[in-house]
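Here the structure is laid out as structure tokens; the discussion comes afterwards.
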2 protein chains.
Amino acid sequence: MPRPKTIDRTAILAAALDVADADGVPAVSMHSIAKRLAVTPMALYRHVANKADLLDGIVELLMAEIMADVPAPGPAAERDAWLDALIRIADRARAVASRHPAAFTLLLSRPAASAAAREVRAHIHDLLRQAGVGGDHVERLERIVTTTVLGMAAGQASQRFAHHPPGVLDEDVRALATFVTAGIEPFRTPAEKACP
Amino acid sequence: MPRPKTIDRTAILAAALDVADADGVPAVSMHSIAKRLAVTPMALYRHVANKADLLDGIVELLMAEIMADVPAPGPAAERDAWLDALIRIADRARAVASRHPAAFTLLLSRPAASAAAREVRAHIHDLLRQAGVGGDHVERLERIVTTTVLGMAAGQASQRFAHHPPGVLDEDVRALATFVTAGIEPFRTPAEKACP
DNA sequence: ACCTGAACACCGTTCAAGT
DNA sequence: ACCTGAACACCGTTCAAGT
């Protein structure tokens with residue numbers, strides 16, 4: 001006579017994200033999550049392999065949240081559509097970072113091997129190809145661009161740049177877009193380059 | 001009759017870095033460090049405020065190691081000297097990251113407010129000014145460049161990019177240099193720009 | 001001044017047991 | 001199948017005590 005299921009992996013990850021948002025990543029523990037779900041710590045091990053798996057689950061959740069509502073890249077409907085799409089993903093990353101400032105740091109400290117992470121990578125590969133980036137540079141450039149965008153979002157959200165005056169964030173975002181766009185330029189096929 | 005001093009902050013931080021290198025950041029604990037120093041955990045609290053202070057100390061150590069042997073920027077002895085200097089700092093960051101892959105992640109998750117961190121920042125500010133970056137963009141661009149360089153070094157060292165084929169690291173480094181150089185370009189004064 | 005010892009609430013994870 | 005309970009070694013940090 002099997003018991004009714006009271007928790008599942010989704011509920012556990014959601015609770016973990018709640019704890020991280022409320023009390024920081026160090027407060028994320030099997031005990032604290034279990035308490036929040038009104039369950040014994042050991043009950044979690046039926047749905048989560050161990051704590052590392054749990055943290056990776058949070059990363060997966062954040063990645064999925066970044067990609068939510070981002071349409072798959074069409075066949076380059078308009079010229080420079082790739083740039084708009086890239087900026088939209090960066091904006092979403094910033095939004096997610098400000099909603100989950102503490103948890104967001106995990107994105108840079110853990111390998112991004114989940115399905116959601118691979119989806120984000122594949123998406124950006126497509127965009128870079130549309131931008132005319134040569135095949136052997138696509139993955140390399142994706143790593144660089146992703147690191148820069150996620151790193152800046154994490155840094156702003158987690159107060160790593162606490163020393164700099166607030167209120168200039170908009171300008172920071174614009175500068176980042178300019179930086180990334182110009183940084184990609186040398187990797188695009190000559191046909192796309194312009195020099196007035 | 002005061003006791004002879006058996007440990008100091010420097011020894012504690014060195015031991016902490018050893019533990020992180022050997023067994024990962026999660027293994028860095030007051031107990032594990034104390035055991036390594038043949039001392040009671042409580043003995044550490046005379047030299048370190050708490051665990052957060054200890055982790056910040058590791059960041060300080062890594063920053064100092066990055067800046068070791070990097071000469072202060074002279075008055076722009078040669079044109080494009082700034083680029084060589086910037087690349088040298090990035091190379092040193094990569095070297096430190098590969099020596100301390102686990103601990104290096106801390107650089108991106110904790111505020112860089114130590115004296116050593118401020119020194120690195122000031123150094124890069126000077127280099128960017130030499131490159132002709134306008135005053136109101138210098139700090140902004142330093143944050144972007146630092147995030148990109150440290151983020152890539154951390155990602156490579158900590159296997160965050162484990163999915164990509166090994167052995168292409170040299171090409172990755174060259175691409176990163178190209179990307180950063182081109183990304184800075186739009187922020188330089190018109191006099192320095194060239195367009196064949 | 002500097003370190004020890006005992007103690008606290010908390011942590012990840014195990015094993016065996018209950019329904 | 002799913003959860004509980006007791007137990008383990010470990011964790012950060014306190015307080016009072018030793019030299």
Side-chain angles (χ1 to χ4, degrees), chain A residues 1-61 102-103 105-106 109-111 114 158, chain B residues 1-61 102-103 105-106 109-111 114 158:
Chain A
M1 185 200 270
R3 282 196 182 195
K5 196 184 220 175
T6 61
I7 56 174
D8 60 357
R9 187 180 165 91
T10 307
I12 292 173
L13 294 182
L17 194 52
D18 284 349
V19 172
D21 288 341
D23 305 318
V25 173
V28 175
S29 72
M30 304 305 260
H31 282 80
S32 65
I33 294 171
K35 177 173 273 183
R36 180 172 283 250
L37 293 173
V39 136
T40 296
M42 275 319 296
L44 307 180
Y45 283 85
R46 183 95 7 204
H47 312 276
V48 158
N50 47 38
K51 194 183 175 183
D53 181 38
L54 187 149
L55 294 179
D56 288 339
I58 297 181
V59 169
E60 200 175 335
L61 220 60
T105 19
L106 293 173
S109 64
R110 306 193 71 79
S114 71
S158 75
Chain B
M1 184 200 273
R3 283 195 182 195
K5 196 185 221 175
T6 61
I7 57 173
D8 59 359
R9 187 180 165 91
T10 306
I12 292 173
L13 295 182
L17 195 52
D18 285 348
V19 172
D21 288 340
D23 305 318
V25 173
V28 175
S29 71
M30 304 304 261
H31 282 80
S32 66
I33 295 170
K35 177 174 273 185
R36 181 172 283 250
L37 293 173
V39 136
T40 295
M42 276 318 296
L44 307 180
Y45 284 84
R46 183 99 1 208
H47 312 276
V48 158
N50 47 38
K51 194 183 175 183
D53 181 38
L54 186 149
L55 294 179
D56 288 339
I58 296 181
V59 170
E60 199 174 334
L61 220 59
T105 351
L106 294 172
S109 64
R110 306 192 71 80
S114 71
S158 76

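In what follows, chains carry the letters A, B, and so on, assigned in the order in which the sequence lines appear, proteins first and then strands, with residues in each chain numbered from 1.
Side-chain proximity of Ser29(A) to dC11(D), dC2(D), dG12(C): nearest is dG12(C).
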What are the atom names and distances for every N/O pair under 3.5 Å that joins the protein to nucleotides 5-8 of chain D?
none

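Rounded to whole angstrom, the span from the CG atom of Leu44(A) across to the C1' atom of dT14(C) amounts to 15 Å. In this entry the distance linking CG of Asn50(A) with P of dG12(C) reads 11 Å, nearest Å. Atoms CG (Asp8(A)) and C1' (dA1(D)) sit 14 Å apart, rounded to a whole Å. Whole-Å rounding puts the Ile7(B) CD1 to dC3(C) C1' distance at 8 Å. Going from atom NZ of Lys35(A) over to atom C1' of dT4(D) covers 17 Å, rounded to whole Å. Distance Met30(B) CE to dT4(C) P: 14 Å, rounded to the nearest Å. Distance NZ (Lys5(B)) to C1' (dC3(C)): 13 Å, rounded to an integer number of Å. Between Leu37(A) atom CG and dC3(D) atom C1' there is a gap of 13 Å when expressed in whole angstrom units.
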Just list the side-chain donor-acceptor pairs under 3.5 Å for residues 6-20 of chain A, sequence neighbours left out, or say none.
from	atom 1	to	atom 2	distance (Å)
Asp8(A)	OD1	Ala11(A)	N	3.0
Arg9(A)	NH1	Asp53(A)	OD2	3.1

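Nearest-nucleotide positions on DNA chain C place Ala27(A) closer to the 5' end than the other of Ala27(A) and Arg46(A). Comparing Pro41(B) and Ala52(A) against DNA chain C, the residue whose closest nucleotide sits nearer the 5' end is Pro41(B).
Contacts with DNA chain D (heavy atom under 4.0 Å) in residues 9-26 of chain B: none are found.
Within the 4.0 Å cut-off from OP1 or OP2 of dC10(D), not a single side-chain nitrogen or oxygen of Ser32(B) is found. Note on His47(B): every side-chain N or O is 4.0 Å or more away from OP1 and OP2 of dC2(C).
Counting only Watson-Crick or G-U wobble pairs whose defining distances are both under 3.5 Å, the stems of 3 or more consecutive pairs in DNA chain C are C:4-8 with D:12-16, C:12-16 with D:4-8.
The salt bridge (charged side-chain N to carboxylate O under 4.0 Å, His left out) pairs that include a residue from residues 40-49 of chain A number zero, where partners must be two or more places apart or lie in different chains. The list of side-chain hydrogen bond (donor to acceptor under 3.5 Å, both in side chains) pairs with a residue in residues 32-44 of chain A, not counting sequence neighbours, reads Ser29(A)-Ser32(A).
Using a 4.5 Å heavy-atom threshold, the side chains of Leu54(A) and Val28(A) count as touching. Two residues are said to be in side-chain contact when any heavy atoms from C-beta on lie closer than 4.5 Å; His47(B) and Lys5(B) meet this criterion.
Pairing each heavy atom of Ala103(A) with each of Ile58(A), the nearest pair is CB-CG2, 4.2 Å. Scanning both residues, Asn50(B) and Val48(B), for their nearest heavy atoms gives O-CG1, 3.1 Å. Closest non-hydrogen pair, Gly24(B) versus Ala102(B), comes out as CA-CB, 4.1 Å. Considering all non-hydrogen atoms of both residues, Pro41(A) and His31(A) come closest at CG-CD2, 3.7 Å.
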